[in-house]
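Nothing here was measured: the structure is a model prediction, and the numbers come from that model. One-based numbering, in listed order, for ligands and for the atoms of each.
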Amino acid sequence: MLKRAYFDQHGGTEVIQWAEEDLPTPGPGEVLIEHGAIGLNFIDTYHRTGLYPVDLPSGLGLEAAGRIITLGEGVSGYSEGDRVAYMGPGLGAYATHRVMPASALFAVPGSVSDEIAAAAILKAATTEGLVERCARVAAGDTVLVHAAAGGVGLIMVQWLKALGAHVIGTVSSEVKGVLAGEAGCDHVIRYDHEDIAARVHDITNGAGVPTVFDGVGKDTFEASLDSLSPRGLLVSFGNASGAVDGVNLGILAQKGSLFVTRPTLFHYYATPQDRAAGMARVWDMIVSDKLSVTVGQTYNLADAAQAHRDLEARLTTGSTVLLP
Ligand code: NDP
């Protein structure tokens, strides 16, 4: 049997429901995967609440890893038993099994467990796209990373350090500060009580930073702009504290001819070439131990609602994995 989460209205975690069905048969070009681990992402909460509206009823979750148990007609390049992971398209990863198009899959290296693959690929691919192809961070740059002890945060800090950047991270607690420091942050700002921009200017001798990576959104937007050096770039890539809206573009001129981009991973992984090159880079970072992916907590798949509550309450660190 297959067990899967779905929701038929947007709202709190009470909207998450469960269904049990017979195992489906994959169609042409598809495979049936038995999940070993499912990655939790903040975007899952946006889908649930309707911040990012989806057609209802809908499955939940973008990312999982496991092994192929049935091949559909015409699938080449994969065999039954192969270990694979995916990060979309379409919602429905919160399930014991799932039918996916073979074109959406990434082969998982033998040394990478399902848990690590599910904890890593969406967040590390986001990091790869934003750091290397969006902001093009260079060795010696000093950059600011918000929520540095979060899922994307711990990965991004290590990635930036591997490139030779100096990293200033923000966190909301002492424990998170220790984790951000262990990941490589050169400076940690406690943005629960410290002034972000003032501290950034202290650290950089008044210069500000050329790049800010901001997945927190509403609460940090102004401070992120104020932390930039003239002509700096704000990569505003998420809404953990709420969406940034109502921006007066003139503010970018006033604060130093700044650049802002609001990227999404999927535009950086749009073509087969981008997907192959980006994921090769992700696996290389993991397999070569330049990137150590922290699974801060695991939950039984059936406890996905609790995992959402903890993520939204800022109680998690690193990546979170659901186990079927
Ligand atoms: P995290 O594990 O980073 O969790 C979010 C963190 O944000 C919290 O732990 C917390 O850290 C911080 N935070 C600050 N304010 C709030 C608040 N009001 N409520 C909740 N959390 C808050 O999540 P993910 O790693 O899954 O994602 C990080 C961000 O990256 C999200 O905004 C997500 O949407 C975005 N993202 C964007 C992608 C894209 O393609 N654009 C792809 C992947 C992720 P602290 O307690 O230290 O403040």
[X] contact mode with ligand 1 (heavy-atom cut-off under 4.0 Å):
X      : value
Thr317 : neither
Val216 : side chain
Leu265 : both
Glu312 : backbone

Going by the order shown, which atoms of ligand 1 are within less than 4.0 Å of some heavy atom of [X]?
X      : value
Tyr46  : 31 (C), 32 (O), 33 (C), 34 (O)
Gly215 : 29 (C), 31 (C), 32 (O)
Asn239 : 32 (O)
Leu311 : 2 (O), 4 (O)
Ala147 : 6 (C), 7 (O), 11 (O), 12 (C)
Val171 : 47 (O)
Gly151 : 1 (P), 2 (O), 3 (O), 25 (O)
Asn41  : 26 (O)

Nearest protein heavy-atom contact for [atom]: which residue, which atom, what distance?
atom                    : result
atom 42 (C) of ligand 1 : Thr126 OG1, 3.2 Å
atom 35 (C) of ligand 1 : Phe237 O, 3.6 Å
atom 26 (O) of ligand 1 : Phe42 N, 2.9 Å

If hydrogens are left out, which of [options] has an atom nearest to [atom], that is, the closest non-hydrogen atom?
atom                    : options                : result
atom 7 (O) of ligand 1  : Gly242, Ala240, Ala243 : Ala240
atom 45 (P) of ligand 1 : Ser172, Gly150, Ala124 : Ser172
atom 21 (N) of ligand 1 : Arg314, Lys176, Met87  : Arg314
atom 28 (C) of ligand 1 : Val152, Leu51, Thr170  : Val152

Can you tell me which residue pairs pass the salt bridge (Lys or Arg N to Asp or Glu O under 4.0 Å) test with a partner in residues 5-33, sequence neighbours excluded? Arg4-Glu21

Judged by atom type as modelled, is there a donor-acceptor pair below 3.5 Å linking the side chain of Arg48 to the main-chain atoms of Leu60? no

When you measure from the centre of the six-membered ring of Trp159, is the NZ or CZ of Lys290 closer than 6.0 Å and no more than 45° off the axis? no

Arg275 to Tyr86, cation-pi by 6.0 Å centre distance and 45° axis angle: no

If you measure from each heavy atom of Tyr268 to ligand 1, is any distance below 4.0 Å? no

Please state whether Ala149 comes within less than 4.0 angstrom of ligand 1, counting heavy atoms only. no

Would you please indicate yes or no on a ring centroid separation below 6.0 angstrom for His10 and Tyr52? no

